[in-house]
Amino acid sequence: MKTALCLLNAAWVALARLGRLTPLGRLARPKTSAQFRPAEDGAARSCQAGNGPGADGHPGFASGQGGTPKTGTRAFGPPGPVTDHFDGKRFRNPWGDAERSFPDLLRWMFSRGSVPWPARVPVRVRHVPPERVHGLGLRVTVVGHATVLIQTGGVNILTDPVWSERAGPLGVFGPKRARKPGLPLEALPPIDAVLVTHNHYDHLDLGTLARLQRLHAPRFISPLGNCGLMAKGSGGMDCTELDWWQSVELAPGVRVHAAPAHHWSARGILDRRDALWGSFVIEAPGGPVAFFGDTGYGEGQVFRLIREKFGDMRLALLPIGAYEPRWFMSGAHMNPEEAVLAMRDLGARQALALHHGVFKLTDEGIDQPRIDLRAAVEKHGVEEGMFLTPEVGESMEVATLSTPFS
């Protein structure tokens with residue numbers, strides 16, 4: 001029995017590289033008791049000038065609802081208007097495809113040179129965050145993978161929260177943690193908002209979302225088409241869907257904007273690109289903060305668009321792991337050198353490395369992202385201490401915006 005489970009898990013991990021596939025196929029968007037809110041920013045637009053979110057000014061709901069969806073229901077139909085990144089049925093990257101084919105997957109599986117990881121690495125640092133960080137202050141606590149606690153302007157924001165032992169369905173399939181979460185979920189301060197970038201299992205963990213709903217009842221924010229899945233098993237969830245460039249205000253002076261990422265989505269076998277993926281920009285009193293869960297680099301268009309719209313970033317939270325082999329992973333995941341280029345494109349004064357050292361998703365060793373990042377920082381002349389690599393469980397204070405990296 002144990003051997004059979006191991007083989008099933010290995011098959012799932014392999015298929016997950018193409019789309020985080022489940023054994024059950026397509027997951028229907030359920031009717032839930034979630035409170036679906038429209039975006040508040042009527043000036044939202046798509047990446048190409050002149051394309052807007054539709055006549056009703058908000059995404060994610062069928063026309064004729066008067067701009068205010070009913071509590072307890074979700075309209076069926078397209079998750080948003082036709083734009084440069086949505087054709088009425090599927091979402092896409094305006095700058096090229098981030099996916100790979102099944103033959104590509106087979107080629108990788110039969111030619112891979114995966115470096116083994118240790119089964120468990122101890123978490124050596126466990127900083128306890130304060131209840132709030134007010135004014136211009138900015139404190140970031142790394143929980144692990146893409147899960148971070150961002151505290152600024154009196155608001156506590158949690159990103160892509162995953163506390164489960166495995167990044168996969170049913171708690172049985174998918175990669176297992178090499179490092180435990182850097183902070184127990186019960187030790188979190190009051191959480192005001194939870195940002196979920198896309199529906200892959202290592203970023204959208206239903207068990208964790210349900211626990212957060214019970215403990216904190218925060219506002220959940222995600223790109224178009226994700227709230228129905230997120231609210232599964234979490235009655236009464238307050239969930240807002242955003243198209244790229246739309247935003248919501250969390251508190252005076254603190255606003256969350258959905259922004260692009262070069263990635264894709266799939267939760268089941270047949271739902272590829274049914275839901276939108278993205279990044280987030282948090283406008284706060286001390287300067288804007290960019291958060292990316294997963295993204296490829298492409299030619300850097302995503303990052304330059306964000307800088308053009310929001311200006312230089314105070315801090316960029318960037319993924320540096322899950323990148324080997326490059327021929328297979330480059331469309332969806334940056335390598336450390338590309339993360340340095342993204343830092344430059346964003347005009348970020350500082351960057352913080354995420355998405356490494358917790359779940360083994362690809363071929364590189366557990367410490368290779370840090371090694372490659374050190375080489376990339378030196379190669380591109382980044383000042384020491386400007387691209388941070390905190391330990392899981394570590395909190396860091398971030399300075400206010402000053403001269404950008406160029």
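This structure is a prediction, so every number in the text was calculated from the model and none was measured.
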- Item | Met230 and Met237, any side-chain heavy atoms less than 4.5 Å apart | yes

- Is Glu337 salt-bridged to Lys379, cutoff N-O under 4.0 Å? yes

- Ring-face cation of Arg166 near Phe173 (centre distance under 6.0 Å, axis angle within 45°): no

- Using the six-membered ring wherever Trp is involved, compare the ring planes of Phe91 and His85 and label them parallel, tilted or perpendicular (cut-offs 30° and 60°). parallel

- Query: Would you call Glu394-Arg126 a salt bridge at under 4.0 Å N-O?
  - Reply: no

- Message: If the threshold is 4.0 Å, N to carboxylate O, is there a salt bridge linking Glu338 and Arg326?
- Response: yes

- Item | Residue pair Asn335 / Tyr297, side-chain donor-acceptor N/O under 3.5 Å | no

- Less than 4.5 Å apart, any side-chain heavy atom of Leu204 and any of Asp160? no

- For Glu283 and Pro288, indicate whether the former's side chain and the latter's backbone hold a donor-acceptor pair under 3.5 Å. no

- Message: I'd like to know if the side chain of Thr389 and the backbone of Ala353 have a donor-acceptor N/O pair within less than 3.5 Å.
- Response: no

- Task: Using a 4.5 Å cut-off on heavy atoms from C-beta on, say whether the side chain of Phe280 contacts that of Ile221.
- Result: yes

- Mind checking whether Phe310 and His257 have ring centres under 6.0 Å apart? yes

- In plain terms, say whether Glu364 and Arg370 are close enough for a salt bridge, that is, a side-chain N and a carboxylate O under 4.0 Å apart. no

- Task: Answer with yes or no whether the side chains of Thr152 and Arg139 bring together a donor and an acceptor at under 3.5 Å.
- Result: no

- Task: For a salt bridge (Lys or Arg N to Asp or Glu O under 4.0 Å) with Asp312, tell me which candidate from Arg307, Arg344, Arg304 qualifies.
- Result: Arg307

- Measure across Ala259 and Ile306 and return the closest heavy-atom pair with its distance rounded to 0.1 Å. CB-CD1, 3.8 Å

- Message: Taking the six-membered ring for Trp, are Tyr323 and His333 closer than 6.0 Å centroid to centroid?
- Response: no

- State, with a plain yes or no, whether a side-chain heavy atom of Leu250 is found less than 4.5 Å away from one of Asp192. no

